[in-house]
Participant: 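Let me begin by handing over the structure; questions about it come next.
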2 protein chains.
Amino acid sequence: MATIEDVARRAGVARSTVSYALSGKRSISRETRERIEAAITELGFTPNAGARALATSQTMVIGLFVQFFEDEFSPAMLQYVLPISDAAREAGYDILMVTESDGAHAVQRISSSGMVDGVMLLNVAYEDTRLPVMHKMRQPGAMVGLPRDPDGFDVFDLDFPESGRILVDHLAERGHREIILITPRGDVYERGGAYAWRFRDAALERAASYGIRVKSYFGETTQPAINQQLNEILDARQETAMIVHNDAVIAALPSVLYSRGIRVPDDLSVVGVFSEDFGRLFSLPYTAVETSPNKLGRLAVQALVQRMLSPEIATATRVELVPPHITDRGSTR
Amino acid sequence: MATIEDVARRAGVARSTVSYALSGKRSISRETRERIEAAITELGFTPNAGARALATSQTMVIGLFVQFFEDEFSPAMLQYVLPISDAAREAGYDILMVTESDGAHAVQRISSSGMVDGVMLLNVAYEDTRLPVMHKMRQPGAMVGLPRDPDGFDVFDLDFPESGRILVDHLAERGHREIILITPRGDVYERGGAYAWRFRDAALERAASYGIRVKSYFGETTQPAINQQLNEILDARQETAMIVHNDAVIAALPSVLYSRGIRVPDDLSVVGVFSEDFGRLFSLPYTAVETSPNKLGRLAVQALVQRMLSPEIATATRVELVPPHITDRGSTR
DNA sequence: CTGAAAGCGCTTACAG
DNA sequence: CTGAAAGCGCTTACAG
């Protein structure tokens, strides 16, 4: 591999001149620049990223920490990863994707060895074990998902309480007085998936204010348990509407309803919480709160990039709950 | 951040001694080692990855190049990414995941800057534009998916021709004489997704040898086109069996069949090509060739790691077509 | 407008 | 068993 030294020799200049030609940090005479450019082309020179990182203390890499839980539905994750990767690249950063099950250890390992300029967390739990490590590392951090202690980070999340409320409002306006609510699985609550109870508590409270009765179930996440549970729920059903806040359940819902001959919205009103892409993937004909993974991912990257560029704001805390928006697919009475 | 110099000073030894204590590449007296270890703990020292990479020419990072095509079904991709990431970590490597749409440029950029020790390609096309770059780069490469010119790389793929044959055999043995075949979308052929025609050609040839008539369709990949096409195919159907080699179509199939009252296998035999995880995700009750993304991903990583460790084999070519295996879910006559 | 040199934080022959 | 020093390939004050 050609080094900057090779280029300098070939162009008959000093290494520093080549470096400045590359960075544009000082003006170079036309002639010199052309000789350097020619040499670079002829030698096929690309600066070595490791050497550059060592000299500048900048790797131009963002660490993306993803956790996969057995009890969660994986396709949703990709919706965040892709926009994050794209947004990072647009800002000139590459993505080191880390999927180790011991997330705290992974963050520690990657941040302390200086492999990345910033850390991005996905699938954040309320008491996330990665947060203590994040607080001590020298790089700035951002995340999608609201933890208990977001101090010093950029945090983006859907406004889940408001999501719960507007779905209840939507059904209340249409006269429903008894509602089924299917939530994430119980484990998610125990693990501290804040989105689960933030959504549910707000929905229950709003329903109570209307005098609406809500029957709440922890949804399953794997087959055949999903279908079995749905059938049991539907066997016992007296309610006229259903709110589903569980990706795996809503993905399975159309076939279960078909098989039972339950028509939506004539026999049952259904609303959910999922992204447009997710809905398209599973052909879901249900009105839903859009979860905007795309938007959340991009916002988080942009905020993180800002933070990496200006250490002054490195200690500020920014929590942004994106307002929910209902996509009406006509699945309610 | 503490450096190796800080540790050396604190332990009262030379930098080199600390380095050797870290790597274990020469014996250190008990006392000295203990002093060094204490210093490391007290200072919270972790070697700087960039400096190490510069000194050793090893980054311990694998570049994973993923392409997302509009006309392909994304959830399948994650099934490869996860096992690859896990297998890499087990071997001591991290994953730089690159999703740029210009794959050739991305490989060029990452490999020439020395950010990775090896390159892994996913979603490989027959005439993959990334291959020419791969042939010129200095790092070893591996891929999942068979290109026209695999020279010098480790290539792993499902044996698609054999997959097509055993599915035809499976239906032939059960007496089917007329079969519907739904393939990937036409674009995939044009783009050079070899798995598409390798599977189809072999299936058609085997069917011909039995005197079985096959009606072949390019499947759609997005709703509502999928359902519409399926309905048209089923309206015109005279066949007794269906082979589906298209993720998006098979994911949508259960609800279409439900809605038309077509029972499997009583009214129609159905077989597909998908992984166990994929089948679980979409609750697919169909007999299928297992695509083993898990196995393919891990094999490719292991081969790549071998290659990175022993430059002697760096020029060898290894093409491994994993024999297909049918998972019988009772969806045929 | 350009060069010579120090320094980033490691590893590894070379010496003893 | 341990140290002093060169070198990996860049960037950036410092000088002119």
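Letters go in sequence order (proteins before strands), and every chain restarts at 1.
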Participant: Would you mind classifying the nucleic acid contact of Ser57(A) as base, sugar-phosphate or nothing, using non-hydrogen atoms under 4.0 angstrom?
Facilitator: nothing

Participant: Classify Ser113(B) by what it touches in the nucleic acid, base, sugar-phosphate, or nothing, heavy-atom distance under 4.0 Å.
Facilitator: nothing

Participant: Taking the side chain as every heavy atom from C-beta outward, state whether Val322(A) and Asp157(A) have any pair of such atoms under 4.5 Å apart.
Facilitator: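 When only atoms from C-beta onward are counted, Asp157(A) and Val322(A) do not touch, as no gap falls below 4.5 Å.
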
Participant: Are Glu31(A) and Glu34(A) close enough that some pair of their side-chain heavy atoms sits under 4.5 Å apart?
Facilitator: no

Participant: Scan Ser23(A) against the nucleic acid and name what it touches under 4.0 Å (heavy atoms): base, sugar-phosphate only, or nothing.
Facilitator: nothing

Participant: Both distances under 3.5 Å, Watson-Crick or G-U wobble: on that basis, could you give the dot-bracket string for DNA chain C, with [ ] for crossing pairs and | for other-strand partners?
Facilitator: |||.||||||||.|||

Participant: Given 3.5 Å as the limit, does a donor-acceptor pair link the side chain of Arg148(B) with the main chain of Glu127(B), or not?
Facilitator: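 No, the answer is negative, given that no donor and acceptor are paired below the 3.5 Å cut-off.
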
Participant: Between which nucleotides of DNA chain C, read 5' to 3', does contact with chain A run, using atoms under 4.0 Å from its heavy atoms?
Facilitator: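 The protein-touched segment is dC1(C) to dG9(C).
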
Participant: Please walk me through it: do Leu304(B) and Ile62(B) pass side chain to side chain contact (heavy atoms under 4.5 Å, CB included)?
Facilitator: CA-CA 9 Å; Leu304(B) 184 58; Ile62(B) 291 173; 3.8 Å; yes

Participant: May I ask you to check whether Ser19(B) and Ser16(B) show a side-chain donor-acceptor distance below 3.5 Å?
Facilitator: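 Ser16(B) and Ser19(B) do not have a side-chain donor-acceptor pair below 3.5 Å.
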
Participant: Have a look at Ser16(B) and say if it touches a base, only the backbone sugar-phosphate, or nothing, with a 4.0 Å heavy-atom cut-off.
Facilitator: base

Participant: Scan for salt bridge (Lys or Arg N to Asp or Glu O under 4.0 Å) pairs involving residues 130-147 of chain B, sequence neighbours excluded, and state none if there are none.
Facilitator: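 Found Asp128(B)-Arg130(B).
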
Participant: Hey, which of these two, Ala51(B) or Arg26(B), hits DNA chain C nearer its 5' end, going by closest nucleotide?
Facilitator: Ala51(B)

